[in-house]
> 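The structure follows.
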Amino acid sequence: MTKRNLINNGPIVNTCIANKFFLSSITTFLVLFLFDEDMIFKAKGLFQKLAATIKIKNLSCGSPATFSSSVSPLNWNPSIDCCAWEGITCDDSSSSHITAIYLPFRRLKGKLPLAVLKLHHLSQLNLSHNHLSGPLPLDFLSSLDQLTVLDLSYNSFTGTIPSFMCLSSPQLSTLDFSYNDFSGHIPRGLGRCLRLSVLRAGFNHLSGEIPRDIYNLSKLEKLVLPANHLSGKIGDDITKLRKLTSLELYSNNLQGDIPKDIGKLSSLQTLQLHTNNITGTVPLSLANCTNLVKLNLRKNRLEGTLSELDFSRFPRLSILDLGNNSFSGEFPWRVHSCKSLTAMRFASNKLTGQVSPQVLELESLSFLSLSDNKLTNITGALSILQGCRNLSTLLIGKNFYNETFPSDRDLISPDGFANLRIFASGGCGLRGEIPAWLIKLKSLAVMDLSHNQLVGSIPGWLGTLPHLFYIDISDNLLSGELPKELFQLRALMFRKGYDATERNNLKLPVYINPNNLTAHYQYNQLSSLPPAIYIRRNNLKGSIPVEAGQLKALHALELSHNCLSGSIPDELSNLTNLERLDLSNNNLSGRIPWSLTRLHFMSYFNVANNTLQGPIPTGSQFDTFPRAHFEGNSLLFGGVLLNSCPAPTQSPATTTDEEKLTRIFTVAVATGFSLTFTLVILVLNCYVDMI
């Protein structure tokens with residue numbers, strides 16, 4: 001008998017693909033999996049017998065009416081041998097024992113049935129990317145002594161991770177509990193799984209320290225426990241895991257130093273310890289990890305200098321993130337010996353010096369973040385960096401304090417910054433005007449020049465940059481009027497233009513706080529940034545151009561704290577994707593257009609401290625905006641202000657004869673109506689008495 005393997009190893013299909021269908025058979029809908037192995041092979045095609053032997057325990061596919069996926073229902077036909085069922089693999093023995101169940105991305109719901117424990121020959125169980133929930137059975141895996149692969153990732157399992165897995169299933173080589181809701185400590189005893197090569201349990205709610213017996217797993221290649229609540233130190237014994245290729249412990253509460261002998265893990269390719277509370281310095285032995293491809297130590301409390309670390313020992317290093325620490329001293333220009341670098345971040349440290357021409361040796365560099373350090377000579381930096389042909393993200397803000405922003409159009413060559421998509425130089429206090437050379441950056445999509453001392457007017461040619469959809473020039477000294485050309489940005493005028501924005505992941509995420517909040521928003525894709533125009537806190541005057549209503553892809557428009565006058569254009573109601581509109585602290589007059597109630601996505605609206613008048617629109621989201629966002633306009637009334645129309649102020653005047661006659665007529669009519677009403681009541685009473 002030949003081995004029968006119907007496991008679907010085709011491409012993983014995104015369950016969000018809209019391709020609705022209905023389950024055509026009650027058999028397909030009900031018969032899922034998990035059964036008594038000895039009985040199943042006696043059924044041999046009879047549905048009644050099969051239904052009697054299959055143990056269905058609160059498990060079902062998603063609702064057929066709402067199931068949106070190109071994944072078909074399980075093709076489990078009770079009339080054929082179960083070893084031919086989709087996702088089931090059997091061995092070659094005469095009994096055809098089930099050895100593997102492979103059912104990822106099937107929208108399975110419910111709890112994990114105990115009947116799975118009866119599959120004594122099962123070696124692989126993959127139920128990942130479903131909607132399974134509840135705690136795992138207490139005796140889970142107690143009888144599965146042949147199990148080597150267990151993948152329950154991307155479900156909603158709760159409770160604790162079983163503590164006796166390695167006693168009952170010593171053959172385990174892969175354990176994946178990631179992306180669930182497990183809590184409690186990582187169980188001790190995992191050190192008994194001597195064949196374990198992969199341990200993943202990230203994105204849960206696990207707490208406590210990393211069990212030390214894990215460091216005895218000499219065959220472990222991947223230890224991936226990010227985004228939990230793990231605490232304590234990374235034990236020095238972790239250096240015993242000589243086969244380790246991936247160590248990912250980021251987004252926890254780990255403390256202490258990086259083990260000084262971390263270099264003994266010479267097979268490491270990925271080391272991600274970011275977003276913890278790790279202290280001390282970067283061990284010099286790290287240079288022995290010559291196979292590193294990705295090194296991320298961002299957002300810790302590391303300190304010291306980096307000049308002594310021998311970056312030339314990292315020929316394969318592609319991603320380097322040492323941002324948000326307290327590194328000091330001269331910028332480690334030896335990093336330029338890492339010829340494979342595609343992205344590096346040194347932001348938010350205390351590094352000094354100037355950009356070196358050696359950076360041009362990094363021919364594959366596409367992401368560079370040096371912001372929030374103590375670098376100098378912005379003119380030299382721009383002159384050098386324009387030669388990085390593949391550079392698409394350049395973040396250099398909070399450096400070059402109080403220097404002059406070079407504005408000479410000839411500073412940048414015709415092919416300089418040819419692929420630059422994101423450029424940020426905010427928070428530098430730079431003097432001068434908006435640089436004329438920016439017009440050459442035809443690929444530019446995101447521009448941040450905020451928190452500088454730029455003067456002059458906003459150049460209309462900004463509206464000619466074909467891909468620009470995010471502008472922040474807030475907190476400067478800009479004057480003049482808003483140019484109409486600015487509101488002709490092609491990427492903001494048509495939804496198609498914005499949808500064409502590059503959707504590939506950035507090499508490293510960018511962090512932005514456009515509203516001066518303490519929290520930074522993380523963006524992993526260029527297209528994730530909101531289409532926005534921020535020009536608050538300048539000295540602009542004049543009216544808001546009606547052309548602003550053309551930017552139908554715009555999500556945020558902030559023009560607060562300027563000297564703008566005139567009325568709020570009714571055309572702004574055409575911005576049907578607008579979520580945020582801040583026009584506060586200007587000199588705007590007239591009424592708030594009632595048509596703005598049609599902006600159903602708008603969650604923030606602020607017109608405080610203007611000279612607006614008339615009723616505040618009601619209905620829709622206008623009833624939810626806070627009162628403070630309308631205050632400072634003495635002639636506004638109604639709506640959330642809860643006040644009535646202001647009484648007109650008139651000087652006393654002599655009553656005319658016409659007004660007297662009107663009053664007499666009104667009193668006469670009222671009196672006559674009252675007498676008539678009284679008479680009708682009396683007649684009715686008499687009528688009732690007669691009955």
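All values below come from the heavy atoms of this structure, side chains included, with hydrogens, waters and symmetry mates left out.
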> Does the side chain of Phe367 reach to within under 4.5 Å of the side chain of Ser392, using non-hydrogen atoms?
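When only atoms from C-beta onward are counted, Ser392 and Phe367 do not touch, as no gap falls below 4.5 Å.
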> Does Asp570 form a side-chain hydrogen bond (donor to acceptor under 3.5 Å, both in side chains) with Ser595? I'd like the steps, not just the answer.
CA-CA 7 Å; Asp570 184 70; Ser595 60; 2.5 Å; yes
> Can you find a pair of side-chain heavy atoms, one from Phe605 and one from Val607, that are under 4.5 Å apart?
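They are in side-chain contact.
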> Working to the nearest 0.5 Å, report the span between CG of Leu477 and CD of Gln453.
6.5 Å
> For the residue pair Arg334 and Phe311, would you count it as a cation-pi contact if the rule is NZ or CZ under 6.0 angstrom from the ring centre and within 45 degrees of the ring axis?
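Pair Arg334/Phe311 does not count as cation-pi.
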> Looking at side-chain heavy atoms only, is the closest gap between Met447 and Ile473 below 4.5 Å?
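Touching, per the 4.5 Å side-chain cut-off.
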> So does Lys484 have more than 12 non-hydrogen atoms from other groups sitting under 6.0 Å from NZ?
no
> Which heavy-atom pair separates Asn276 from Leu249 by the least distance, and what is that distance?
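Smallest interatomic distance, heavy atoms only, reads ND2-O, 3.2 Å.
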> Are the ring centres of Phe331 and Phe346 closer than 6.0 Å?
yes
> Knowing that exactly one of Asn606, Leu557, Leu554 qualifies, which makes a side chain to side chain contact (heavy atoms under 4.5 Å, CB included) with Leu581?
Leu557
> Find the distance between CD1 (Ile471) and CG (Leu465) and round it off to the nearest 0.5 Å.
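So the gap between those two atoms works out to 8.0 Å.
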> Within a strict 4.5 Å, meaning less than it, do heavy atoms of the Val359 and Cys388 side chains meet?
yes
> Return the OG to CG distance between Ser328 and Asn349, rounded to the nearest 0.5 Å.
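If we round to the nearest 0.5 Å, Ser328:OG and Asn349:CG are 8.5 Å apart.
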> Could you give the distance from CG (Leu370) to CG (Leu394), rounded to the nearest 0.5 Å?
7.5 Å
> Are Tyr604 and Phe625 close enough, and set up right, to give a ring-ring contact (aromatic ring centres under 6.0 Å, His included), and what steps lead you there?
CA-CA 7 Å; Tyr604 183 95; Phe625 297 141; 7.9 Å; no
> Donor-acceptor check, side chain of Asn325 to backbone of Leu302, threshold 3.5 angstrom: yes or no?
yes
> Regarding Thr342 and Ser318, is there a side-chain donor-to-acceptor distance under 3.5 Å anywhere?
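Yes, side-chain donor-acceptor contact under 3.5 Å.
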> Would you tell me whether Gln354 and Asn377 have side-chain atoms, one donor and one acceptor, within less than 3.5 Å of each other?
yes
> Report yes or no: is the cationic atom of Arg298 (NZ for Lys, CZ for Arg) closer than 6.0 Å to the six-membered ring centre of Tyr511, at no more than 45° off its axis?
yes
> Would you find more than 12 non-hydrogen atoms of other residues, nucleotides or ligands less than 6.0 Å from Lys299 atom NZ?
no
> Under 3.5 Å, is there a donor-acceptor pair linking the side chains of Arg598 and Ser573?
yes
> If you measure from CD on Glu403 to CG on Leu430, what distance do you get to the nearest 0.5 Å?
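Going from CD on Glu403 over to CG on Leu430, the span is 7.0 Å.
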> Decide yes or no for Leu273 and Leu271: does some side-chain heavy atom of the first lie under 4.5 Å from some side-chain heavy atom of the second?
yes
> Classify the angle between the aromatic ring planes of Phe417 and Phe423 as parallel (below 30°), tilted (30 to 60°) or perpendicular (above 60°).
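Phe417 vs Phe423 ring planes: tilted.
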> From Tyr250 OH over to Glu248 CD, what is the distance, rounded to the nearest 0.5 angstrom?
5.5 Å
> Are Glu558 and Arg580 within salt-bridge range, i.e. N to O under 4.0 Å?
yes
> Under the criterion side chain to side chain contact (heavy atoms under 4.5 Å, CB included), I'd like the reasoning laid out for Ile592 against Leu612: C-alpha separation, chi angles, the key distance, then a yes or no.
CA-CA 7 Å; Ile592 300 175; Leu612 298 169; 4.1 Å; yes
> Should the ring pair Tyr523 and Tyr521 be called parallel, tilted or perpendicular, given that the plane angle runs from 0 to 90° and is split at 30 and 60?
tilted
> Is the count of non-hydrogen atoms from other residues, nucleotides or ligands lying under 6.0 Å from Glu363 atom CD greater than 12?
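Count not over threshold, so no.
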> Any side-chain donor paired with an acceptor under 3.5 Å for Thr279 and Asp257?
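Thr279 vs Asp257: donor-acceptor pair found between side chains.
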> Compute whether any side-chain donor of one residue and acceptor of the other, for Asn633 and Glu631, lie under 3.5 angstrom apart.
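Looking only at side-chain atoms, Glu631 and Asn633 do not form any donor-acceptor pair under 3.5 Å.
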> Taking Leu382 as the fixed residue, which of Leu385, Thr379, Ile378 is the one that meets the side chain to side chain contact (heavy atoms under 4.5 Å, CB included) rule?
Ile378
> Using the rule given for salt bridge (charged side-chain N to carboxylate O under 4.0 Å, His left out), can you reason through Glu361 versus Lys339, listing the C-alpha separation, both sets of side-chain angles and the distance that settles it, and then say yes or no?
CA-CA 7 Å; Glu361 298 175 14; Lys339 304 301 183 185; 2.5 Å; yes
> Has Arg389 got more than 12 heavy atoms of other residues, nucleotides or ligands less than 6.0 Å from its CZ?
yes
> Taking the ring centre of each residue, are His555 and Phe601 less than 6.0 Å apart?
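No, ring centres 6.0 Å or more apart.
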> Begin with the C-alpha distance, continue with both residues' side-chain angles, and end with the deciding distance and a verdict on side chain to side chain contact (heavy atoms under 4.5 Å, CB included) for Met493 and Lys552.
CA-CA 5 Å; Met493 289 182 67; Lys552 295 187 177 181; over 6 Å; no
> I want to check something: taking the side chain as every heavy atom from C-beta on, are Met344 and Asp321 in contact at a cut-off of under 4.5 Å?
no
> When the ring centroid of Phe405 is compared with that of Phe400, is the distance short of 6.0 Å?
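No.
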> Are Asn373 and Thr352 close enough that some pair of their side-chain heavy atoms sits under 4.5 Å apart?
no
> Can you find a pair of side-chain heavy atoms, one from Ser383 and one from Leu411, that are under 4.5 Å apart?
yes
> Which heavy atom in Arg409 sits nearest to a heavy atom in Ala436, and how many Å separate them?
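Here Arg409 and Ala436 meet closest at CB-CB, 4.1 Å.
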> Is a side-chain donor-acceptor pair under 3.5 Å present for Gln386 with Ser413?
yes
> Looking at every non-hydrogen atom in both residues, tell me the closest pair between Ala553 and Phe494 and how far apart they are.
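Shortest heavy-atom contact: CB-O, 4.1 Å.
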